[in-house]
Amino acid sequence: MKQLVIPFFYILVFSFQPLLSQSKTDSIIENKFTIYSTILKENRTCLIDLPDTYNDPNHADKKYPILILLDGYTFLKTTAGIVHFMSSDRNRNYFMPETIIVAIENVDRERDFTVNKLKTKRVNTMGGGENFLNFIEKELISYVDKNYRTEPYRTLVGHSLGGLLTINSYMNKSSIFDAYISIDPSIWWDEELMENKVDAINSISFKRKIYIATANQVNRRFEKNKKRHDRIYELMKIKSNEKANIKVKSYDNESHRSVPLIALYEGLKYLNQDN
């Protein structure tokens, strides 16, 4: 695992291009855009990172896949560095195609990333996940497709509660995403509901690719973390009548907070390799 430290350091220091240098007209201000969601009934702000060749006149007709990133403010710099390292002609790795990253800034994680409402002593806003996914698929992606040169290949990436929402999107047969990275997902949120949803999963979902990363949790609340993820994986394999494009990897030397860096790199590698 120590061998990964130097490559990732160089990814972040040398591969990441300053977002403010990107140029875009219309409603774009520097590296942000804001759209009003009629589904959520609020304005939502997104950060965007464009490939190196996007504004190159020699590639004026080139179209790019998109990556929708949850917890966008937290993970955009890390994700952009990794994606540029893996796809840019500057590094010549070509592990994946150049990609437009759309990073959604948070308003209410508990509302947006959970699909069911739990009973709590305090007032809570849980259970808005389906609405949030509808916003992403019907409003946000539509906006991005109209304003950028995109091709119809879409990846969803989420961590923790965002990872839980990512799995829920994967299991939705109507989802317009093609690939998913779920990083240390919070299966504990409602384990029974998740197992029921796996039991009802449509075969369409198994044609998509998903990478699930598990961190080493030392907190007692999360001591069954790996078992939960393995359980979901086993249920998915049982449910699928064909080879499922699912990979679960445990990172024993990484915590819940440190695992996104390595999981993003290895997850994107998995999603973009031939079966």
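Values below: all heavy atoms of this structure, side chains included; hydrogens, waters and symmetry mates excluded.
Glu42 and Arg111 are joined by a salt bridge, as a carboxylate oxygen and a charged side-chain nitrogen come within less than 4.0 angstrom of each other. Checked for salt-bridge contact, Glu137 and Arg154 miss the test: no charged N lies under 4.0 Å from a carboxylate O. Between Arg122 and Glu110 there is a salt bridge, with a side-chain nitrogen of the basic residue lying less than 4.0 Å from a carboxylate oxygen of the acidic one. A salt bridge is absent between Arg257 and Asp184; no separation between the charged side-chain nitrogens and carboxylate oxygens falls under 4.0 Å. Salt-bridge annotation for Glu266 and Lys249: present, with a side-chain N of the basic residue lying under 4.0 Å from a carboxylate O of the acidic one.
Residue pairs that meet the ring pair (Phe, Tyr, Trp, His ring centres under 6.0 Å) test with at least one member in residues 101-120, sequence neighbours left out, are Phe113-Phe132. Applying the salt bridge (Lys or Arg N to Asp or Glu O under 4.0 Å) test to every pair with at least one member in residues 63-76, sequence neighbours left out, gives these pairs: Asp71-Arg109.
Atom CG of residue Leu264 and atom OG1 of residue Thr79 lie 4.5 Å apart, to the nearest 0.5 angstrom. Atom OG of Ser205 sits about 11.5 Å away from atom CG of Asn245, to the nearest 0.5 Å. In this structure, CG in Leu156 is found 5.0 Å from OG in Ser169, a value given to the nearest 0.5 Å. Note that the CD1 atom of Ile82 and the OG atom of Ser87 stand 11.5 Å from one another [nearest 0.5 Å]. Between atom CG of residue Asn253 and atom CG of residue Asn216 there is a gap of 7.5 Å, rounded to the nearest 0.5 Å.
Looking at Thr99 and Tyr153, their side chains never bring a donor and an acceptor atom within 3.5 Å of each other. A side-chain donor-acceptor contact under 3.5 Å links Glu139 and Thr38. Judged purely by distance below 3.5 Å, without hydrogens or angles, the side chains of Asp49 and His84 pair a donor atom with an acceptor atom. Donor-acceptor pairing under 3.5 Å is lacking for the side chains of Glu98 and Ser88.
Taking the six-membered ring for Trp and thresholds of 30 and 60 degrees, Phe85 and Tyr265 have ring planes inclined between 30 and 60 degrees apart. The aromatic rings of Phe33 and Tyr148 lie tilted to each other, with the angle between the two planes from 30° to 60°.
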Check the pair Tyr64 / Thr53 against side chain to side chain donor-acceptor pair (under 3.5 Å), numbers first and verdict last. CA-CA 10 Å; Tyr64 304 85; Thr53 61; 2.7 Å; yes

Determine whether Thr150 and Asp145 satisfy the following criterion, side chain to side chain donor-acceptor pair (under 3.5 Å), listing intermediate values before the conclusion. CA-CA 6 Å; Thr150 64; Asp145 286 344; 2.6 Å; yes

Audit row: Asn116, Thr114, side chain to side chain donor-acceptor pair (under 3.5 Å) steps and yes/no: CA-CA 6 Å; Asn116 62 317; Thr114 60; 5.7 Å; no

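Ring pair His59/Tyr54: centre-to-centre distance not below 6.0 Å.
Taking the centre and axis of the six-membered ring of Tyr180, the NZ or CZ atom of Lys209 falls outside the cone set by 45° and 6.0 Å. Relative to the ring axis of Tyr211, Lys247 does not place its NZ or CZ within 45° and under 6.0 Å from the centre. Judged by the 6.0 Å distance and 45° axis criteria, Arg208 is not positioned over the aromatic ring of Phe177.
Listed by chain and number, the residues in a side chain to side chain contact (heavy atoms under 4.5 Å, CB included) with Asn168 are Val115, Leu164, Met171, Met194, Lys197 (sequence neighbours excluded).
Follow the hydrophobic side-chain contacts under 4.5 Å out from Ile176 and you reach Ile100 in the same cluster.
Screening Thr34, Val107, Ile39 against Arg44 for a side-chain contact (heavy atoms from CB on, under 4.5 Å) leaves a single residue, Val107.
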